[in-house]
Each structure stands twice: as C-alpha cells, then as structure tokens.
Amino acid sequence: MRNAIRLYVHWVDTFNRWVGRFAMRLIFVMGAIMLYAICSRLFLGKPVNWVMEMSQFLLMGYFMLGGAYALQLGSAVRMDLLYTRWSDRTRAAVDVVTIFALIFYLGVLLWGGIESTQYALEYGERRRGLWRPYMAPIKIVMVIGIVLMILQCTAFLIRDIARLRGKDI
C-alpha cells in the first residue's frame with residue numbers, strides 16, 4: 001500500500017510538472033499569434049479577426065493547465081506571517097485542514113465545469129463575435145486543469161498526513 005501511495009504522489013508530481021512546463025510555452029504561441037496579427041495589419045493591410053479570442057483561449061489554457069504546477073512549486077499566495085514560524089508538523093496539520101477547503105472549492109468548480117462542458121457539447125455553443133469559435137474545446141481544457149489541481153491537492157494531502165505521522169514521501 002505504501003508503495004502505491006508513493007507511486008501515486010510521484011506520478012501526480014511528474015505529470016503535473018510535464019503539463020505545467022508545456023503550458024509555460026503557450027505564452028510564446030500567444031505572442032506569435034499577436035505578432036502575426038500586428039504584421040498582418042501593418043504590412044498586408046488585412047486585420048485578423050480571430051486573434052483576440054484565440055489569445056484569450058490560450059491564456060485560459062495557460063492558467064488552467066499551469067495551475068497544478070504553480071501549486072507544486074509553491075507559487076500560490078499564502079499568509080507567511082505565521083506560517084514560516086511554525087514547525088513542520090504544525091504546518092502539515094494546518095495544511096491538512098485547509099487543503100479540504102481547497103478540494104471542496106475545486107470540486108464545486110469541477111461540477112460546474114463538467115455541466116458547462118456538457119452544455120457546450122450538446123448544443124454546439126459558440127462564442128459571440130466575428131469568429132464565433134466553439135466553446136467546448138476550451139471548456140474541456142478547463143475541466144482537465146481543475147482535475148489536475150485536485151490530483152495535486154490530494155498528493156499534498158497524502159504528503160502532509162505522512163509528515164504528521166513522522167514519515168516522508
């Protein structure tokens with residue numbers, strides 16, 4: 001059982017690191033798309049109407065897919081006023097309590113995201129505007145990002161419980 005738990009934590013960390021590093025590169029794709037739009041407007045005299053929405057979609061993917069990696073790196077906002085002064089066991093105990101609030105919040109987001117994705121797939125929901133792209137792909141990415149954050153939170157929970165028991169994963 002211990003090996004399965006260690007394998008799970010290792011797999012989640014490795015997978016989220018890989019996805020997060022992929023998501024980091026989306027910012028360059030977004031920059032290239034915006035550069036293309038600028039060049040198209042200035043040099044060819046033809047404005048591109050899909051650039052703004054595509055950039056917003058890429059930014060959403062950047063944030064949602066990179067969220068679990070940001071959690072993993074400790075880039076999330078935390079009140080360090082008291083936290084840094086506590087012992088490792090006290091930090092782990094507080095983290096065990098607070099991680100449930102985060103998992104609940106992410107669970108509600110996942111529930112809403114799944115319902116919204118089902119609606120987009122069932123009715124072929126499109127965004128308003130000139131380009132009118134389908135919304136289902138970005139909503140699927142949103143759901144995947146939320147699932148990855150929930151997996152990372154469970155890995156944190158397992159690590160904190162192990163730390164409370166005096167063991168390290």
Side-chain angles (χ1 to χ4, degrees), residues 1-31 53-122 125 127 133-169:
M1 183 70 169
R2 289 182 191 158
N3 288 335
I5 290 173
R6 283 191 175 139
L7 183 65
Y8 171 79
V9 170
H10 176 72
W11 180 85
V12 168
D13 284 345
T14 302
F15 188 72
N16 281 334
R17 186 177 307 113
W18 183 83
V19 171
R21 290 188 181 190
F22 166 78
M24 286 186 340
R25 284 148 180 88
L26 289 177
I27 203 80
F28 296 115
V29 175
M30 189 172 71
E53 290 164 332
M54 180 59 88
S55 296
Q56 290 171 349
F57 283 1
L58 285 170
L59 190 62
M60 172 63 103
Y62 174 77
F63 281 120
M64 295 306 293
L65 294 177
Y69 186 55
L71 282 173
Q72 189 180 60
L73 292 178
S75 300
V77 176
R78 176 178 284 154
M79 282 295 295
D80 286 338
L81 185 64
L82 300 173
Y83 192 83
T84 54
R85 297 179 185 170
W86 293 337
S87 68
D88 283 342
R89 286 181 57 98
T90 306
R91 287 182 199 170
V94 170
D95 286 344
V96 164
V97 172
T98 58
I99 200 78
F100 283 112
L102 180 57
I103 290 172
F104 175 76
Y105 173 73
L106 290 170
V108 171
L109 274 180
L110 181 63
W111 178 41
I114 289 171
E115 285 189 356
S116 182
T117 303
Q118 287 174 340
Y119 177 84
L121 288 169
E122 186 175 339
E125 180 184 11
R127 185 169 172 155
Y134 286 103
M135 294 298 293
I138 194 62
K139 290 184 178 189
I140 291 169
V141 169
M142 178 183 67
V143 168
I144 291 169
I146 294 168
V147 168
L148 292 177
M149 283 191 268
I150 290 172
L151 291 174
Q152 189 64 53
C153 287
T154 58
F156 283 157
L157 179 64
I158 291 168
R159 262 196 213 103
D160 289 332
I161 290 172
R163 196 174 310 141
L164 279 173
R165 299 170 113 194
K167 298 177 181 176
D168 229 7
I169 292 183

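Just so it is clear, the values below take in all heavy atoms, side chains as well, and ignore hydrogens, waters and symmetry mates.
- Of the N and O atoms on the side chains of Gln152 and Asn16, at least one donor lies less than 3.5 Å from an acceptor on the other residue.
- The salt bridge (charged side-chain N to carboxylate O under 4.0 Å, His left out) pairs that include a residue from residues 99-113 number zero, where partners must be two or more places apart or lie in different chains.
- Gly66 and Ala23 make their closest contact through N-CB, 3.9 Å (heavy atoms, listed as atom of the first residue, atom of the second, distance).
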Carefully, step by step, assess Arg21 and Tyr69 under the rule side chain to side chain donor-acceptor pair (under 3.5 Å).
CA-CA 8 Å; Arg21 290 188 181 190; Tyr69 186 55; 3.1 Å; yes

Which atom pairs, one a donor and one an acceptor, fall under 3.5 Å between side chains of residues 96-107 and the rest of the protein, sequence neighbours left out?
{"unit_1": "Thr98", "atom_1": "OG1", "unit_2": "Val94", "atom_2": "O", "d": "3.0"}
{"unit_1": "Thr98", "atom_1": "OG1", "unit_2": "Asp95", "atom_2": "O", "d": "3.4"}

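- When every heavy atom of Val12 is checked against every heavy atom of Gln72, the shortest pair comes out as O-NE2, 4.5 Å.
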Check against side chain to side chain contact (heavy atoms under 4.5 Å, CB included), Leu110 and Ile114
CA-CA 6 Å; Leu110 181 63; Ile114 289 171; 3.8 Å; yes

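- Leu121 and Ala136 make their closest contact through CD2-CB, 3.5 Å (heavy atoms, listed as atom of the first residue, atom of the second, distance).
- At least one side-chain heavy atom of Val19 sits less than 4.5 Å from a side-chain heavy atom of Leu148.
- With rounding to the nearest 0.5 angstrom, the CD1 atom of Ile146 is 12.0 Å from the CG atom of Leu151.
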Residues Tyr8, Thr154; criterion side chain to side chain contact (heavy atoms under 4.5 Å, CB included); working and verdict:
CA-CA 10 Å; Tyr8 171 79; Thr154 58; 2.5 Å; yes

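- Pairs passing the salt bridge (charged side-chain N to carboxylate O under 4.0 Å, His left out) check and including a residue from residues 160-169, sequence neighbours excluded, read Asp160-Arg163.
- Under a cut-off of 6.0 angstrom, the local environment of CH2 in Trp86 is crowded, with over 12 non-hydrogen atoms contributed by other residues, nucleotides or ligands.
- Looking at every heavy atom in both residues, Glu53 comes nearest to Pro133 through OE1-CD, 3.6 Å.
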Show every donor-acceptor pair shorter than 3.5 Å between a side-chain atom in residues 54-64 and any protein atom, with sequence neighbours excluded, or say none if there are none.
{"unit_1": "Ser55", "atom_1": "OG", "unit_2": "Val51", "atom_2": "O", "d": "2.9"}
{"unit_1": "Gln56", "atom_1": "OE1", "unit_2": "Arg127", "atom_2": "NH1", "d": "3.0"}
{"unit_1": "Gln56", "atom_1": "OE1", "unit_2": "Arg127", "atom_2": "NH2", "d": "2.8"}

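- Sorted by first and then second residue, the salt bridge (charged side-chain N to carboxylate O under 4.0 Å, His left out) pairs involving residues 139-156 (not counting sequence neighbours) are Glu125-Lys139.
- The structure places CD1 of Ile158 at 11.5 Å from SG of Cys153, a figure rounded to the nearest 0.5 Å.
- By the salt bridge (Lys or Arg N to Asp or Glu O under 4.0 Å) test, Glu115 is found to be paired with no residue, residues two or more places apart in sequence or in another chain being considered.
- Side-chain atoms of Thr14 never come within 3.5 Å of backbone atoms of Trp11 as a donor-acceptor pair (strictly under, hydrogens ignored).
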